[in-house]
Every structure is written in structure tokens, then in C-alpha cells.
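First the structure, in the form of C-alpha cells, and then the observations on it.
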Amino acid sequence: MPNLLSMNGLSNEQIMHLLKRAAQFEHGEQASLEGAVVNLFFEPSTRTKMSFEMAEQRLGLSVLPFETAFSSILKGETLYDTVKTMEAIGVKAVIIRHEEEEYYQQLEGCKVAIINGGDGSGQHPTQSLLDIYTIHQEFGRIEGLHVTIVGDIAHSRVAKSNAAALEQLGANVSFVCPAEWSGDYETTDELDSLLGETDVVMMLRVQHERHAVSALFSKERYHKEFGLTEARERKMKKSAIIMHPAPINRGVEIADSLVECERSRIFKQMANGVFVRMAVLEYAMKGRD
Ligand code: CP
């Protein structure tokens, strides 16, 4: 069974299989997996870690606790040796979030299933899958939709995972950000001109912790130039939805009043994360002994 490290290795067929299983879990289907899993989070997380734990519990898995601050990582143990230790004691899958981009390259040869919970500014495949699931749930398709991703593109693993997968599934993806945060993408700073033709407005968190220099913008200026304000929300298509992977800087990327507005699917995304992660765990673990 495959590890899930990046959206780049997933075919459309595999993505649609995971979405179908997630929908079955959402509609009450149960599944039971055997064995123990560990969530190895070396960067902070609320949603990803908690929803993996919820998914693991619903699948009947044993979840072994791991806290970096009380682990032998503090004695200098490498990530490879930590994962090999999990494998040696009988763990079947590890979910890893790590600040190093492509940390998983150093884990080649490990037999335990590896699910990437986010690698630096690299990839966040389960976030992308839950985003695609949420969009598909709304529109019944991905092909032909216009998705506008707004914000800190260069530092965002969510943007990178979604850009590749959404385009592969036939969506038209636009990127809006300050020129300094374009990374490898063709971007514009003209958010207003795209709003009337966009089906999904996906706002990204400004990732202050990944910026080498102090913030380019004050919060007020960023909100005015790139944030989803109430005035911009009024320019959106009637059927368009608002997404954000969260955590949210309220009043910066998005007006506080819009976080839970009718168009917002932000908390729905979080709820969907549990079903999608159940599907991913099943996919990665089934058949492993
Ligand atoms: N969206 C997301 O990855 O949130 P957390 O950092 O809280 O896991």
C-alpha cells in the first residue's frame, strides 16, 4: 500500500477513490482497522492532529501518545531512528508533521506506513484532499470550476498541494498575492477583478513564522489589499463559496464577520477532515502486516 507523502503522486482515480470512501464514512459507514498508530508532530497543529486522532479512534486503532518535548528527539535522536523505533515496537502507521521540506526522503527504507501531515512549505496532502472533498461536495464536480487561491502562496503547502491536484482534476486555478510571495507561480495582485468569475475563494493564512524578514505589510494594509472584506464578498458569484485551511488570522486574511457567514465552508472543511483522514488511514494501512 502506498504512503501518502504528496499530492503529486496521486492519480485522479486514487483521489476519487479516497473522496468516495470519505463520503461513505460521512454517511455512517463503519470500518475497523487493527494495530497501533503514532502521530509524530514536530510543528504545532490543532486541526490536523486532532482530526487524525478522531479518525484513528473511529477506525478502532490504538493511538500511542507522542510528545516531542518528552521524547528522545531532545537527546539528539534522528527522525529516521524515531520512525524505525516505532516500526520496531509494532506501530503500523505514523503521521508526521515536520518543519523540514521533504523530510520523508530520509525515511526511505522504513516499512511503516507514512502519512504526511505537512512538511515545511512543501505539501499537506490530507488538507488538499479535504479541500477537494469539500469543493466536490458543494458542486458535484471539480472539472471546469474556477478556484482562486489568495495569500502567502510561496510559503503555503496548502497552495502547492491544491494547485497541482485541482489542475490535474480539471479546475482552473488562479493565484493572488503580493509579488514577493509568488514563489514559482504566475500570480496577480488583482483580487477584485477575479471575484465575479470565481467559484471557490480559498484564503490562505499569512505564515509569519516562515518569513525570513519581518512582515511586508501591516495587518490593516494586508486586509485592505488582499483580504476578503465584506465589500469583496458582495462581488462574489451567488453560488461561490469561501474556504480557508485555518488557523485564521481574523481581520487579516478574512473579515471576522465572514468566517461563519453563509458562504463560508471553513468549519465544514474541518468536519470533513475526519472523514477524509479515515479514508487515507484505511488506504495506507489496509493490507499491511
Ligand atoms: N489546516 C491545518 O493544517 O491546521 P493545523 O495547523 O491546526 O493542523
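Bear in mind that the values here come from a model prediction, so they are computed numbers and not experimental data. For ligands, and for the atoms within them, numbers begin at 1 and follow the listed sequence.
- At a threshold of 4.0 Å, the pair Arg21-Glu282 counts as salt-bridged, since one of the basic side-chain nitrogens sits closer than that to a carboxylate oxygen.
- Ligand 1 lies within reach of His124, whose nearest heavy atom is under 4.0 Å from it.
- In terms of polar-atom proximity, Pro247 is not counted as a contact of ligand 1, lacking any N or O under 3.5 Å from an N or O of the ligand.
- For a threshold of 3.5 Å applied to N or O pairs, the pair formed by Gln127 and ligand 1 contains at least one separation below that value.
- With hydrogens left out, the protein atom closest to atom 4 (O) of ligand 1 is Arg47 NE, 3.0 Å, a heavy atom.
- A side-chain donor-acceptor contact under 3.5 Å links Asn39 and Glu56.
- For the ring pair (Phe, Tyr, Trp, His ring centres under 6.0 Å) test, residues two or more places apart in sequence or in another chain that qualify with Tyr185 are Phe175.
- A salt bridge links Glu53 with Lys49: the distance from a Lys NZ or Arg NE/NH1/NH2 to an Asp or Glu carboxylate oxygen falls below 4.0 Å.
- For atom 6 (O) of ligand 1, the closest non-hydrogen atom on the protein side is Arg97 NH1, 2.8 Å.
- Near Thr46, with a cut-off below 4.0 Å to any heavy atom, the atoms of ligand 1 are 5 (P), 7 (O), 8 (O).
- Using a 3.5 Å distance cut-off with no hydrogens or angles, the side chains of Gln137 and Glu26 do pair a donor with an acceptor.
- Glu13 pairs by the side-chain contact (heavy atoms from CB on, under 4.5 Å) definition with Ser11, not counting sequence neighbours.
- Shortest contact from atom 2 (C) of ligand 1 to any protein heavy atom: Ala246 O, 3.4 Å.
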